[in-house]
Amino acid sequence: MRPIQMVDTKTQYHKIKQQVDDAVLQVMESSAFINGKAVQDFAANLGSYLNIKHTIPCANGTDALQIAMMALGLQPGDEVITPSFTYIATTEVIALLRLTPVFVEVDAKTFCMDPAALEKAITSRTKAIVPVHLYGHAAPMEEIMRIAQKHKLYVIEDNAQAIGCDYIFSDGSKKKTGTIGHIGTTSFYPSKNLGAFGDGGAIFTRDDILADKMKMIANHGQSKRYYHDIVGCNSRLDSIQAAILDIKLKHLDEYIAARRRTADFYDKAFAGHKKLKRPSRAAYSHHVFHQYTLVIDGVDNPGAYRDGLNSFLAENKIPSMIYYPVPGHKQKMFEQFNVAELDMPVTDWLTERVISLPMHTELDDEQLRYITDKVTEYTG
Ligand SMILES: *Cc1c(COP(=O)(O)O)cnc(C)c1O
């Protein structure tokens, strides 16, 4: 059996090695390392894949969120509502821009923003909402957009974990996640569903004015070279990364299908299990399984039980991860906001119980059988 990894980008690379190597060499020959044709081509192709008017490449997914928030013209102290149960990048940029993060609960089944909690958290200072499509499952965007429209709030979708995910509206129409709110952001970090061979990110919008502003912000606030109208930053996607991403984009649907096959295998193996809750799939979301995350339930001390499972799997050469061991509202960096004591029973409950199994495009049935056998050997 091949060794089991949490993420296997190497085997995936080897399947497209010749194309990737040729594309990288071509960029090197062209010497157009920054904002070359490869970047423009990739942005155009990604934009048509997602069916979105403007795609702005940038240096990483954290910058994408930062540039999106800078473009909205928010003032220090303005409130931005976001889940506590997410990767730190989502919430960190809010504080970095001297805005106030307002943490809300997620749904215990989908791990995504709870619209009822969102509506309760809105105040006169609220300016924006940042839902996260966590683990590859869409947040309930139809309800979130309805609430946002009612209160005239901006919505920035953090789509770093769900690129390619279809959102299905109640009338049956579909849109890709990241193209529903005013702005969407994503990351091309190597382990993401569309991963580069280094850092990368992108921003999406239908709004011409926001698009122009975000392009300027990502490029030192200039629209004309050496004329800087607003304070921006320097956030670029390398041509080499764009050339690689453009090749991988053609395989994205196939990669998603492979992840879903793996999820189906896990789902079947853990069906009806008393101590393991499988990740649910809401009717509105086509889950793209960035992670396959189980919830430990029905045991006396879930934290210790989960640590035991994690160690048992490690002893058997199976990696597993806790995404994320500390929720946002309990992070030391947010002490200034006095949020550590917030009453967030769902977030705390999940934080103690989640465990993610190996999930990538290259897992075969032999590996999956071994993983599921070992998990159930421990859990009974
Ligand atoms: C990865 C990730 C980011 C940040 O992306 P980087 O490219 O690492 O900066 C933001 N939000 C979420 C939910 C992520 O998973």
Side-chain angles (χ1 to χ4, degrees), residues 79-95 99-123 126 129-140 143-144 147 158 160-162 270 273-282 285 287 290-311 313 320-357 359 375 378-379:
E79 293 174 359
V80 179
I81 300 176
T82 183
S84 174
F85 194 72
T86 179
Y87 180 52
I88 196 69
T90 320
T91 49
E92 184 184 29
V93 294
I94 299 170
L99 308 169
T100 302
V102 174
F103 296 105
V104 295
E105 286 278 40
V106 290
D107 177 90
K109 287 208 178 89
T110 64
F111 311 108
C112 291
M113 186 181 269
D114 174 0
L118 160 65
E119 191 143 34
K120 259 192 236 148
I122 293 170
T123 73
T126 307
I129 307 165
V130 186
V132 182
H133 305 306
L134 202 72
Y135 305 151
H137 188 287
E143 269 179 279
I144 290 171
I147 295 166
D158 182 346
Q161 300 191 1
F270 305 134
H273 198 291
K274 284 194 196 68
K275 295 178 197 153
L276 302 173
K277 278 195 163 157
R278 300 171 298 167
S280 61
R281 309 181 192 196
S285 175
H287 206 318
H290 176 59
Q291 301 297 344
Y292 185 89
T293 304
L294 291 165
V295 178
I296 308 275
D297 199 16
V299 300
D300 284 342
N301 186 342
Y305 188 89
R306 178 183 62 180
D307 291 347
L309 174 58
N310 178 263
S311 315
L313 293 176
S320 62
M321 295 287 284
I322 313 305
Y323 300 118
Y324 297 94
V326 183
H329 73 284
K330 295 225 169 110
Q331 295 287 356
K332 200 158 174 238
M333 68 156 76
F334 298 126
E335 247 171 21
Q336 51 174 316
F337 300 108
N338 291 316
V339 287
E341 301 304 321
L342 281 179
D343 187 32
M344 307 208 85
V346 180
T347 297
D348 291 339
W349 189 86
L350 285 175
T351 300
E352 225 190 348
R353 287 166 173 80
V354 286
I355 183 163
S356 299
L357 297 181
M359 171 51 84
V375 171
Y378 182 88
T379 56

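Residues satisfying the side chain to side chain contact (heavy atoms under 4.5 Å, CB included) criterion with Ser311, sequence neighbours excluded, are Glu315. Residues satisfying the side chain to side chain contact (heavy atoms under 4.5 Å, CB included) criterion with Lys120, sequence neighbours excluded, are absent altogether. Remark: Tyr87 engages no residue in a side-chain hydrogen bond (donor to acceptor under 3.5 Å, both in side chains) (not counting sequence neighbours). The side-chain hydrogen bond (donor to acceptor under 3.5 Å, both in side chains) test applied to Ser285 returns no partner, not counting sequence neighbours. For Ala160, the side chain to side chain contact (heavy atoms under 4.5 Å, CB included) criterion is met by Asp158, Ser187, Lys192, not counting sequence neighbours. The side-chain hydrogen bond (donor to acceptor under 3.5 Å, both in side chains) check on His290 picks up Asn193, with sequence neighbours excluded. Residues passing the side chain to side chain contact (heavy atoms under 4.5 Å, CB included) test with Phe337, sequence neighbours excluded: Ala95, Thr100, Pro101, Phe334, Val339. By the side-chain hydrogen bond (donor to acceptor under 3.5 Å, both in side chains) test, His133 pairs with Glu157, sequence neighbours left out. Residues meeting the ring-ring contact (aromatic ring centres under 6.0 Å, His included) test with Tyr323, sequence neighbours left out: none. Evaluation of the salt bridge (charged side-chain N to carboxylate O under 4.0 Å, His left out) rule for Lys277 yields Asp297 as partners, not counting sequence neighbours.
In this structure a side-chain-to-backbone donor-acceptor pair under 3.5 Å is missing from Asp114 to Val104.
Two residues are said to be in side-chain contact when any heavy atoms from C-beta on lie closer than 4.5 Å; Ile355 and Leu276 fail this criterion. You'll find the side chain of Thr379 stays beyond 4.5 Å of the side chain of Phe270, heavy atoms only.
Legend: side-chain hydrogen bond (donor to acceptor under 3.5 Å, both in side chains) pairs involving residues 342-355, not counting sequence neighbours, sorted by first then second residue: Glu105-Thr347, Lys330-Asp348.
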